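One structure is given here, and the rest of the page talks about it.
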Amino acid sequence: MTDPILTVDRITKHYETEAPPAVDRVSFTVHDGEILAILGPSGCGKTTMLRCIAGFERCSSGRVQMRNRTLASNDTHVSAEQRGIGLVFQDYALFPHLSVLDNVLFGLRYHDLEDKEGRARKALQMVGLQSYADRNPHHLSGGQQQRVALARTLAPKPELILLDEPFSNLDALLRQGTRQEVRTLLKDNGLSAVLVTHDQEEALSFADRVAVMRQGRIEQVGTPEEVYYQPRTLFVAQFLGRTNLLMSDADGAHADTPIGRLPLNREASGRVLVSLRPEHLTLAAPNDVADPDPRTSGKVVERAFKGHDITYRVACNESEYLVHTSNRFSFQPGDRVCIRPLEPGVVLESSPAASSVD
Ligand code: ADP
Ligand code: MG
């Protein structure tokens with residue numbers, strides 16, 4: 001693999017010495033043309049971390065490097081304008097009294113260029129708004145305004161783009177479309193980007209890799225499939241979607257769980273917490289199962305039909321399980337059913353941040 005375009009090495013940011021750090025020894029890399037999402041709940045330190053990378057905030061410790069150039073370290077702090085990094089904010093912060101073109105030109109104010117207008121028009125063309133150059137921003141839709149903000153960031157041709165919850169002010173329908181357009185734009189132009197968001201669906205669909213952040217720390221980094229299907233901690237399992245948790249006794253590659261003996265995604269021993277997503281379980285009618293395990297037999301409590309699929313809540317031995325199936329498996333509340341796992345159980349580590357009492 002090529003050298004990373006961005007290396008973030010154990011950066012920490014303390015706002016107040018007494019309080020826990022807003023960003024706590026965060027490390028990751030971004031490769032050329034890669035989109036990395038940092039996913040975490042509100043207040044976990046996402047904006048602070050982006051501001052440290054962009055140079056609007058000084059790191060308390062750690063190092064930020066772009067290719068071979070150190071941008072921040074104990075004795076270095078390159079100013080934001082000198083970093084070659086573009087930042088797109090959540091509130092697009094367009095000037096209402098300036099035209100779309102002048103808003104984009106504003107992004108070039110520190111740049112000594114021959115043909116700033118040509119550059120700004122090219123950036124508007126990249127986001128598909130070349131014919132809107134003379135309009136006022138308030139005559140544009142929210143999605144178009146966000147694209148103007150993106151053009152303003154793209155105009156100076158930054159090597160890396162940071163996006164801070166850029167779609168969260170758009171309504172649901174517009175959000176999905178704009179997200180897809182921006183992803184295509186970044187990919188078509190081979191741009192590298194870091195997106196921060198609290199929206200798991202956004203992170204999973206927008207990024208090539210996802211880093212899950214909690215209380216200032218990164219708990220797991222992986223492809224969208226890895227963090228969703230192979231969460232390492234309880235927090236990652238629960239933050240990325242719904243899951244069934246089973247207290248189990250592991251003996252190597254298998255475990256005895258409340259719904260029978262299951263293979264595991266990795267070797268473990270003793271008491272472990274096992275996660276199984278609702279779509280990794282299915283249901284069968286008791287008559288269709290030869291010699292059913294009594295631990296798997298339950299009753300449908302609730303059925304939510306969603307067209308192409310159905311989610312069931314199933315009571316089984318004093319616990320309830322969520323089961324997500326295609327609409328080929330149709331049961332009704334009250335039906336007796338057998339729960340059948342389709343995938344190995346995922347062994348969760350106890351989460352470091354969860355176990356510390358503070
Ligand atoms: P996120 O973007 O994930 O919502 P932030 O980076 O905005 O998180 O905030 C992380 C933590 O740092 C929060 O506890 C927040 O209150 C605190 N914080 C953010 N900015 C400042 C600041 N300028 N001064 C002091 N504390 C701050
Ligand atoms: Mg934020």
Side-chain angles (χ1 to χ4, degrees), residues 6 8-28 30 35-64 71-72 77 79-80 83 85-94 142 145-146 149-150 152-153 160-172 175 178-179 182 193-207 209-222 224 227 231 233-236 238-241 351-354 356-358:
L6 177 74
V8 174
D9 184 16
R10 281 167 294 163
I11 62 169
T12 295
K13 175 68 187 177
H14 278 278
Y15 284 113
E16 292 150 37
T17 43
E18 300 301 304
V23 174
D24 189 3
R25 287 162 288 162
V26 161
S27 299
F28 60 83
V30 179
I35 304 177
L36 176 77
I38 311 273
L39 170 69
S42 173
C44 77
K46 302 182 296 296
T47 295
T48 302
M49 185 207 63
L50 274 197
R51 290 174 59 82
C52 287
I53 298 171
F56 294 117
E57 208 72 70
R58 266 173 198 270
C59 305
S60 309
S61 61
R63 196 169 52 92
V64 178
L71 301 181
H77 179 81
S79 71
R83 289 195 180 195
I85 294 178
L87 182 56
V88 181
F89 300 94
Q90 177 173 353
D91 54 357
Y92 345 117
L94 300 178
Q145 288 182 31
Q146 185 55 285
L150 187 62
R152 183 180 55 194
T153 303
L160 174 73
I161 294 169
L162 309 178
L163 302 135
D164 192 352
E165 313 236 13
F167 311 116
S168 58
N169 283 341
L170 305 175
D171 61 41
R175 198 180 308 151
T178 309
R179 206 153 75 191
V182 172
V194 180
L195 166 91
V196 308
T197 178
H198 64 273
D199 181 327
Q200 43 103 356
E201 191 187 305
E202 181 163 303
L204 294 174
S205 61
F206 193 81
R209 280 189 307 148
V210 177
V212 185
M213 190 170 180
R214 178 189 192 207
Q215 294 176 2
R217 305 204 61 177
I218 304 247
E219 278 207 7
Q220 187 171 353
V221 187
V227 292
T233 64
L234 176 61
F235 174 75
V236 175
Q238 291 185 316
F239 197 69
L240 275 114
S351 170
S356 72
V357 180
D358 48 25

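The model shown is predicted, which means the values in this text are computed figures rather than measured ones. Residues: numbered from 1 along the sequence shown. Read the numbers this way: they start at 1 and go in the same order the structure lists the ligands and their atoms.
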To the nearest 0.5 Å, tell me how far S168 OG sits from Q146 CD. 8.5 Å
Ion pair E202/R175, N-O distance below 4.0 Å: no
Evaluate the side-chain proximity of I11 to V64: yes if any heavy-atom separation is below 4.5 Å, no if none is. yes
Heavy-atom distance to atom 10 (C) of ligand 1: which of G43, G216, P21 wins? G43
Metal site the Mg ion (ligand 2): N/O/S of T48 inside 2.8 Å: no
Under 3.5 Å: N/O of E16 near N/O of ligand 1: no
Carefully, step by step, assess C52 and E57 under the rule side chain to side chain contact (heavy atoms under 4.5 Å, CB included). CA-CA 5 Å; C52 287; E57 208 72 70; 4.1 Å; yes
Right, does atom 6 (O) of ligand 1 have protein non-hydrogen atoms nearer than 4.0 Å? yes
Going from CD1 on I38 to OG1 on T47, what distance comes out if it is rounded to the nearest 0.5 angstrom? 11.5 Å
Quick one: are V196 and L163 in side-chain contact, heavy atoms under 4.5 Å? no
Does ligand 1 come near enough to G45 that some N or O of the ligand is less than 3.5 Å from an N or O of the residue? yes
Using a 4.0 Å cutoff against the non-hydrogen atoms of A22, which atoms of ligand 1 qualify? 11 (C), 12 (O)
Right, does atom 15 (C) of ligand 1 have protein non-hydrogen atoms nearer than 4.0 Å? no
Atom 18 (N) of ligand 1 [closest protein heavy-atom partner, distance rounded to 0.1 Å]: Y15 CE1, 3.4 Å
